[in-house]
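For reference, positions follow the sequence shown, starting with 1.
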Amino acid sequence: QLASLDANWPTHYIAMDSLSGPSRALFMFAYDSFEAYGKDQEAQNANAKYSAALDAANLADGELLARYDSQAFVYHPEMSLHAAVDVPHQRYWEFTSFHIKAGREGEWNELVKMYVDGFSKFPDAHWAMFEGKWGENNGGLWVIINPMRTLGEADKGLADSKAFFDAQGEANMKHAGELAAACIESVQTNLFVVNAKESYVNASWAKTAPEIYGQP
């Protein structure tokens with residue numbers, strides 16, 4: 001319903017369905033700043049047609065929803081690697097969430113730097129690191145997002161991980177294990193697949209990535 005409102009509406013998002021973990025739908029929005037996020041919220045509130053459609057959608061979904069949650073994250077380029085991927089062509093999205101123990105940020109920063117430096121030698125390795133800003137249980141929450149064109153990239157990632165471990169050597173990997181034990185409270189990885197029908201993206205994406213967004 002919302003995606004059919006206006007082809008020029010500035011708010012765009014990618015919808016995804018879970019392939020692992022609890023059955024759920026994920027909607028990803030991106031903004032250059034919190035100011036841009038706030039302006040978008042104000043524009044939505046001022047648009048009567050949008051508000052009416054949103055109310056209708058919420059009413060229709062109300063009986064089906066078991067839970068609704070909203071989170072805001074801040075991108076950390078210094079903790080990311082080769083993050084500038086061709087987004088429209090990424091069909092699968094892997095999310096790994098870390099809860100970091102309070103007061104253990106130093107060990108976390110060192111651990112991430114070790115992985116960034118080590119995997120920088122692998123041209124196909126890529127991820128984007130985000131820190132939880134707002135949302136439930138966001139204190140010490142970090143999320144690594146790894147988009148993939150095909151699940152074959154997961155096989156390549158496993159091979160790169162083995163090569164990374166071998167290159168680091170036993171002593172460095174022992175130290176990495178000690179850092180992880182000291183700073184990580186919990187970690188979980190789940191996989192999602194793009195739902196093009198529920199996404200609202202730039203119209204050019206249908207031509208750029210017809211295998212995903214060009215479907216009727």
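Y115 and V85 are not part of a single hydrophobic cluster, where members link through side-chain heavy atoms under 4.5 Å apart. In the hydrophobic cluster analysis, where Ile, Leu, Val, Met, Phe, Trp and Tyr join through side-chain heavy atoms closer than 4.5 angstrom, F192 is grouped together with I212. No continuous path of ILVMFWY side-chain contacts below 4.5 Å connects M79 to V143, so the two sit in separate hydrophobic clusters. Cluster annotation: V112 is not connected to F95 through the hydrophobic network of ILVMFWY side chains, with a link wherever side-chain heavy atoms come within less than 4.5 Å. One hydrophobic cluster, built from ILVMFWY side chains closer than 4.5 Å, cannot hold both V193 and M28; they sit in different ones.
Here the side chains of N109 and K113 are not in contact, with every heavy-atom distance at 4.5 Å or above. A 4.5 Å side-chain heavy-atom check between I144 and M129 finds at least one atom pair inside the cut-off. Between F122 and L81, the closest side-chain pair of non-hydrogen atoms is not below 4.5 Å. In this structure, the side chains of W93 and L26 stay at 4.5 Å or more apart for every pair of heavy atoms.
Across all their heavy atoms, L111 and C183 have their closest contact at CD2-SG, 4.3 Å. In plain terms, the two heavy atoms of S80 and V116 that are nearest each other are O-CG1, 4.1 Å. Shown here for K133 and N138, the closest heavy-atom pair between the two residues is O-ND2, 2.7 Å. A209 approaches P88 most closely through the heavy-atom pair CB-O, 3.3 Å. When all heavy atoms are compared, the tightest approach of M114 to A176 is SD-CB, 3.6 Å. The shortest heavy-atom contact between E153 and R149 is OE2-N, 2.9 Å.
Taken from CD in E131 to CD1 in I100, the straight-line distance is 10.0 Å, to the nearest 0.5 Å. We find the NZ-CG distance between K121 and D160 to be 13.0 Å, quoted to the nearest 0.5 Å. Between the CG atom in N202 and the NZ atom in K207 there is a gap of 11.0 Å [rounded to 0.5 Å]. Atom CG of L191 sits about 5.5 Å away from atom OG of S20, to the nearest 0.5 Å. Residue Y13 holds its OH atom at 6.5 Å from CZ of F29, rounded to the nearest 0.5 Å.
With sequence neighbours left out, E136 forms a side chain to side chain contact (heavy atoms under 4.5 Å, CB included) with R67, D69, Q71. Annotation: side chain to side chain contact (heavy atoms under 4.5 Å, CB included) contacts of E185 (sequence neighbours excluded): H99, K101.
Checking side-chain atoms of H126 against main-chain N and O of P147 turns up a donor-acceptor pair under 3.5 Å. Proximity of a side-chain donor or acceptor of T96 to a complementary backbone N or O of T189 within less than 3.5 Å is not detected. No donor-acceptor distance shorter than 3.5 angstrom exists from the side chain of H89 to the backbone of E211, with no hydrogens or angles considered. Panel note: side chain S199, backbone V201; no donor-acceptor pair is recorded below 3.5 Å.
Between Y75 and the options Y31, F130, W142, a ring-ring contact (aromatic ring centres under 6.0 Å, His included) holds for only F130.
Remark: aromatic rings of F34 and W134 are close, center separation under 6.0 Å.
Using a 30° and 60° split on the angle between ring planes, F164 and F119 fall in the parallel class, below 30°. Ring pair W108/F98 is tilted by interplanar angle, where 30° to 60° counts as tilted.
Atom CG of D86 has more than 12 neighbouring heavy atoms from other residues, nucleotides or ligands inside a 6.0 Å radius.
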Working note: W205 + I14, criterion side-chain contact (heavy atoms from CB on, under 4.5 Å); need CA distance, chi angles, decisive distance, verdict. CA-CA 11 Å; W205 284 25; I14 301 175; 4.0 Å; yes
Show, in sequence, the C-alpha distance, side-chain angles and deciding distance for E94 and W127, and conclude whether the side-chain contact (heavy atoms from CB on, under 4.5 Å) test is met. CA-CA 9 Å; E94 182 184 66; W127 66 76; over 6 Å; no
Applying side-chain contact (heavy atoms from CB on, under 4.5 Å), run through Q90 and I145 and close with a yes or a no. CA-CA 12 Å; Q90 310 305 309; I145 300 179; over 6 Å; no
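Between K174 and E170, no side-chain nitrogen of the basic residue sits less than 4.0 Å from a carboxylate oxygen of the acidic one, so the salt-bridge criterion is not met.
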